[in-house]
There are 2 protein chains.
Amino acid sequence: MSDKNITLTNAEWSVMECLWESAPKTGREITDYLKAREGWNRSTTLTLLSRLEAKGAVVSDSEGRKKTFSPLLRREDAALHETEDFLSRVYKGSLSLMVSSLTKKKALPKEEIDQLYAMLKKLEEVENDD
Amino acid sequence: MSDKNITLTNAEWSVMECLWESAPKTGREITDYLKAREGWNRSTTLTLLSRLEAKGAVVSDSEGRKKTFSPLLRREDAALHETEDFLSRVYKGSLSLMVSSLTKKKALPKEEIDQLYAMLKKLEEVENDD
DNA sequence: CTTCTTTGTTTACATCTGTAAACAAATTAT
DNA sequence: ATAATTTGTTTACAGATGTAAACAAAGAAG
C-alpha cells in the first residue's frame, strides 16, 4: 500500500499547485509558471521537482524528447495530512475549537459563517434521515 | 505596537504549551516537564527557550536566584497566525472549503459536526437579531 | 559539422530546526 | 572550605529548506 504520508514544504506546495492545476507538464512549462508566480530561477524549480520525485509526490516521464512531470500525490491527500497535523498541534485536534477561536477573534467574515452554516445544516439533515 | 507576527516551529510549540499551561515557571520546571512529555534533554529545552526569547515569544526574569520564564506571545495570537497561514496555503483561505473537504473525506466524526452545527446556529441567531 | 540554445543533472551554500555536548558559574551538601 | 550538584551560557552538528550556480548532454541554427 503506497504510503501517502508525505509532508510538503511551502516551496513544494507551490510546485504541486502548478501540477495539480494541470498535468503532465514539461519542465519548461513548470519553470515558466513558477518564474512568473514566484520569481523563481529555473534551477530552483527543477531542484524542487527532483526532491518531490524523490519523496514520491511526483513522477516524471522521460519517454519523448521532453521530460514531463505529473503529480502522484493527490491534493486532497496532501491537504488532509496537513490538516490533521495542523488541527492537532494548534487546536488539540478539534475543528470546533478552531472555529470558536476564530469567531472570538472575529476572524471569520459573515459570508464564511453563512456558507458553513448552510453546509452543516444540509449535513445534519442527511445524517438524520437514514 | 509590538509585532506578534511570530511563527513557531513544532518544537517551540511544545515549549510554549508548557508555559501557556501556567507561568512563570523556572527552567527546572520546564526542563522536567519536557523531559517527561517529549523525552528532551535539559539542554534541548534550554536552547529552545533561548530561541523563543530571542524571537520575542518569551521573557525571562533573572531577579531571584532562579531564572523564570513567561510567555509573551499569547496562545490565541499564535494560533490565529498559524491558522491564517494554513488556511491560505491549503484551502485558499476558505474555512468552508476546508470543512467540505473534510466531510468528503469522512474525516469528521459526527460529534464534531454536531458541535460545530450548534455553534454556528447560535452565531446565526445572534447575527440576525441585532 | 560547428556553434548557440535549451534542457537535464550535480554540486553548493546559507539559514532554520532539532538535538545536544561542553564548559562555566552558582548552590548545596559534607 | 572542598566536593558534588544544579543551573546558566556557548558551541556544535546533522538534516531540512530555500535558493541557485556549474557543468554536461541534446537539439536547433547557421
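A note on names: the letters A, B, ... follow the listed sequences, proteins ahead of strands, and every chain is numbered from 1.
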Q) Is a donor-acceptor contact shorter than 3.5 angstrom present between the side chain of A:Arg42 and the base of C:dG8? A)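 For A:Arg42, whose side chain was compared with the base of C:dG8, there is a donor-acceptor pair (under 3.5 Å).
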Side-chain-base donor-acceptor pair under 3.5 Å for A:Arg51 and D:dG18:
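Present.
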Examine C:dT9: is either OP1 or OP2 under 4.0 Å from a nitrogen or oxygen in the side chain of A:Ser50? Give yes or no.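 Answer no for this pair, as no side-chain N or O of A:Ser50 is under 4.0 Å from OP1 or OP2.
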Below 4.0 angstrom from OP1 or OP2 of C:dG18, is there any side-chain N or O of B:Trp40?
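The answer is no; no side-chain N or O of B:Trp40 sits under 4.0 Å from OP1 or OP2.
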Notebook entry, point to check: Side chain of A:Lys66: nearest nucleotide among D:dT7, C:dT7, D:dG18?
Noted result: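 Given the options D:dT7, C:dT7, D:dG18, the side chain of A:Lys66 is closest to C:dT7.
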Starting at [atom1] of [X] and ending at [atom2] of [N], how long is that distance when rounded to a whole Å?
| X | N | atom1 | atom2 | value |
| --- | --- | --- | --- | --- |
| A:Asn41 | C:dT7 | CG | C1' | 14 Å |
| B:Ile30 | D:dT7 | CD1 | P | 12 Å |
| A:Arg89 | C:dT17 | CZ | P | 12 Å |
| B:Leu46 | D:dT6 | CG | P | 15 Å |
| B:Leu49 | D:dT7 | CG | P | 14 Å |

**Prompt:** With a 3.5 Å cut-off and no angle check, do the side chains of A:Ser96 and A:Tyr91 form a donor-acceptor pair?
**Reply:**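 There is no such pair (donor and acceptor under 3.5 Å, judged by atom type) between the side chains of A:Ser96 and A:Tyr91.
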Exercise for review: Could you say whether B:Lys55 or B:Ser43 is positioned toward the 5' end of DNA chain C, judged by the nucleotide with the nearest heavy atom to each?
Suggested key: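 Of the two residues, B:Lys55 wins.
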Query raised in the report: Is the NZ or CZ atom of B:Lys25 both under 6.0 Å from the centre of the six-membered ring of B:Tyr33 and within 45° of that ring's axis?
Result: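 The answer is yes; both the distance and angle limits are met.
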For [X], answer base if it contacts any base atom (sugar-phosphate contacts may also be present), sugar-phosphate if it contacts only those atoms, and nothing otherwise; contact means non-hydrogen atoms under 4.0 Å.
| X | value |
| --- | --- |
| A:Ser62 | nothing |
| A:Thr47 | base |
| A:Thr44 | base |

According to salt bridge (charged side-chain N to carboxylate O under 4.0 Å, His left out), does anything in residues 81-93 of chain B pair up with another residue at least two apart or in another chain? List the pairs.
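Only A:Glu82-B:Arg89, A:Arg89-B:Glu82, B:Asp85-B:Arg89 qualify under salt bridge (charged side-chain N to carboxylate O under 4.0 Å, His left out).
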Query - B:Glu12: which of B:Thr7, B:Leu52, B:Ile6 passes side chain to side chain contact (heavy atoms under 4.5 Å, CB included) - result: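 That would be B:Leu52; it is the only one of B:Thr7, B:Leu52, B:Ile6 passing the side chain to side chain contact (heavy atoms under 4.5 Å, CB included) with B:Glu12.
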